[in-house]
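Worksheet: one structure, shown below.
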Protein chains: 2
Amino acid sequence: MSMKRIAVDAMGGDYAPKAVVEGAVMAASELPEDYQIVLVGRKDAMLEVLRPLTYRAGSIEMVEAADVIEMGEHPTRAFGQKPNSSIGVGFKLLKEGTVSAFCSAGNTGAMMVGSLFTLKTVGNIQRPPIAGYLPLKGGSYGIMLDIGANADCKPEVLNQFAELGSTYAKYTLNLENPRVGLLNIGEEEEKGNTVAQATYQLLKNNKKIQFIGNVEGRDIFNGKADVIVTDGFTGNIIFKMGESMYEHASSVGIEDELIDRMNYEVVGGSPIIGINGNVIVGHGISSPTAVKNMIRLAQRQIESQVVEKIKEAFA
Amino acid sequence: MSMKRIAVDAMGGDYAPKAVVEGAVMAASELPEDYQIVLVGRKDAMLEVLRPLTYRAGSIEMVEAADVIEMGEHPTRAFGQKPNSSIGVGFKLLKEGTVSAFCSAGNTGAMMVGSLFTLKTVGNIQRPPIAGYLPLKGGSYGIMLDIGANADCKPEVLNQFAELGSTYAKYTLNLENPRVGLLNIGEEEEKGNTVAQATYQLLKNNKKIQFIGNVEGRDIFNGKADVIVTDGFTGNIIFKMGESMYEHASSVGIEDELIDRMNYEVVGGSPIIGINGNVIVGHGISSPTAVKNMIRLAQRQIESQVVEKIKEAFA
């Protein structure tokens, strides 16, 4: 039995290492026996949280990383200057194949830098996006991308997002032929800003995807599209607005199947895609439940072999 | 007693003239006695709806407009070719001062064209935005602009939106010194896309407004800012997403003070501002209640003298 290992940045996030280590222990009880979680961070700090907890022998391992990249640090500078940070070590493990995925609720910028510099993009991918799981009416999920990595996107980049999102959705959501929509402010192809207008033409002529046209703000949760393409500026604002809807509903005691899944904890993280490895970033405020679900997402990506499928698609 | 007259496009919207005329009758029963509603459209069609209804004598008047600009028509072309359309006649009445406001749930593009060509912009305003009333936690409202008129906005244009929104909020929401936020994907001033970064610098140095910095997707409904500045692409998507949240909540029986006000009917319309007149556009699907509230919004704008205040501010 060959072990599948998921590295987790124990020092990443506002409540690290406690929330991360506790979330890892929760995940360990749910993962199959051939999975192992590799906690990356300061051993003494991780051990202090681990010691009173119970978990299956061998389900959790630790790797020392003496340094930490803080949330506010400049991503490129910090990643370069701190090779022994938990993020630096996590990418090293992923690059050398010791682990099959790396998850962090820490500095998202540094996770992007590690993805670009250590793993590198697949084929001719220009800018790897962060793909967000979008809860849809009826209980299923869609994918929206980008949700924050690239604030300005050229049409060519959005066209790549469409292909990436389509392949990602196909293998992780088990959709034969995902319907791809362009987020816009009207249904007609001449609608929208300059970038959206130009992107529409590229998507319409892209034979690798099933383009269904523009989708509007009212369509985001209704399942009109399985994959919604947008820039990281718009996508980020939409995701945070959705999270705030959940927080509001929760604060006034509303329980609802759709709104409850706008809670960031439910999926727990968002993958950076178009790179040579499974990398998942989590919310800075990640709770143990969020970390547990981020690790479960890593498991789903490993099992679906989605990175290999993306490599094949962009070869 | 001098009459204040509000013109309403009786032919505008998916359910016109029925929904519009019925909404006008509802509004007539709520407006003070010195207000009169001027229905603009085909007299026979309007009369057919009006005949069985009851309303105060003199509270509703009709002005004939033989033509109609349909929802799908090209705005500039249709406005130019149909001077006797209800939208064309409405702007004529407003321009000559026969009425103090003009409301339509019809072709928004034609309403923009009429605003630009017939009324003209105030002072050095480059692009008039559509300002949306944003429901805030706790029961009050904020203003978001632009919500759809200008999909691409330069920093200078967004800077004007900030001043316009601030003046509009001051007089219609009675806020002494409205807090203006820039919609962005992070709190720090270097965050965001190229336009947001450049806009931040203009807003920071604009002494005519109280700039409070960036606001994020999670801040849209929490009242961090009274005025949220964004381009018409992002703003439109956010508003439609909010409307769909209400529709979802309504469909599953959720009642909530905040979500209920994401229903477009509650405010009923959105003003085009920065032009020489009170112009309000409504949703294509406007119901009688929506039309009634759109007319009430016109009343509030007339009473607040907001157009005169904007003219003074941009003189």
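Note on naming: letters A, B, ... go to the chains in the order of the sequence lines (proteins, then strands), and numbering restarts at 1 for each one. Side chains included, hydrogens not; waters and symmetry mates left out as well; all remaining heavy atoms used.
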Measure distances from B/E216 to the heavy atoms of chain A and classify the residue's part below 4.5 Å as side chain, backbone, both or neither.
side chain

Going from CG on B/L183 to CZ on A/F233, what distance comes out if it is rounded to the nearest 0.5 angstrom?
5.5 Å

By number, which residues in residues 247-254 of chain B have some heavy atom less than 4.5 Å away from chain A?
B/H248, B/S251, B/V252, B/I254

Taking A/N150, A/L258, A/I185 one by one, which has the highest count of heavy-atom pairs under 4.5 Å against chain B?
A/I185

Which heavy-atom pair separates A/G217 from B/S244 by the least distance, and what is that distance?
O-OG, 4.1 Å

Okay, B/I220 and chain A: the region with an atom under 4.5 Å from a heavy atom over there is side chain

Check: A/T194 main-chain N/O paired with B/D152 side-chain donor or acceptor under 3.5 Å
yes

Answer yes or no: are there more than 12 heavy-atom neighbours, outside A/K154 itself, under 6.0 Å from its atom NZ?
no

Let me know if B/N184 has heavy atoms under 4.5 Å from chain A in its side chain, its backbone, both or neither.
both

What's the separation between atom CE in B/M262 and atom CE in A/M245, rounded to the nearest 0.5 Å?
4.0 Å

Does any backbone or side-chain atom of B/K191 lie under 4.5 Å from a heavy atom of chain A? Answer side chain, backbone, both or neither.
neither

Residue pair A/I238 / B/M241, side-chain heavy-atom distance below 4.5 Å
yes

Top of B/E257, B/E243, B/R218 for chain A proximity - count of heavy-atom pairs under 4.5 angstrom:
B/R218

Taking atom CD as the centre, does A/E190 end up with more than 12 heavy-atom neighbours from other residues, nucleotides or ligands that are less than 6.0 angstrom away?
yes

Between OG1 on residue A/T234 and CG on residue B/N236, distance to nearest 0.5 Å
11.0 Å

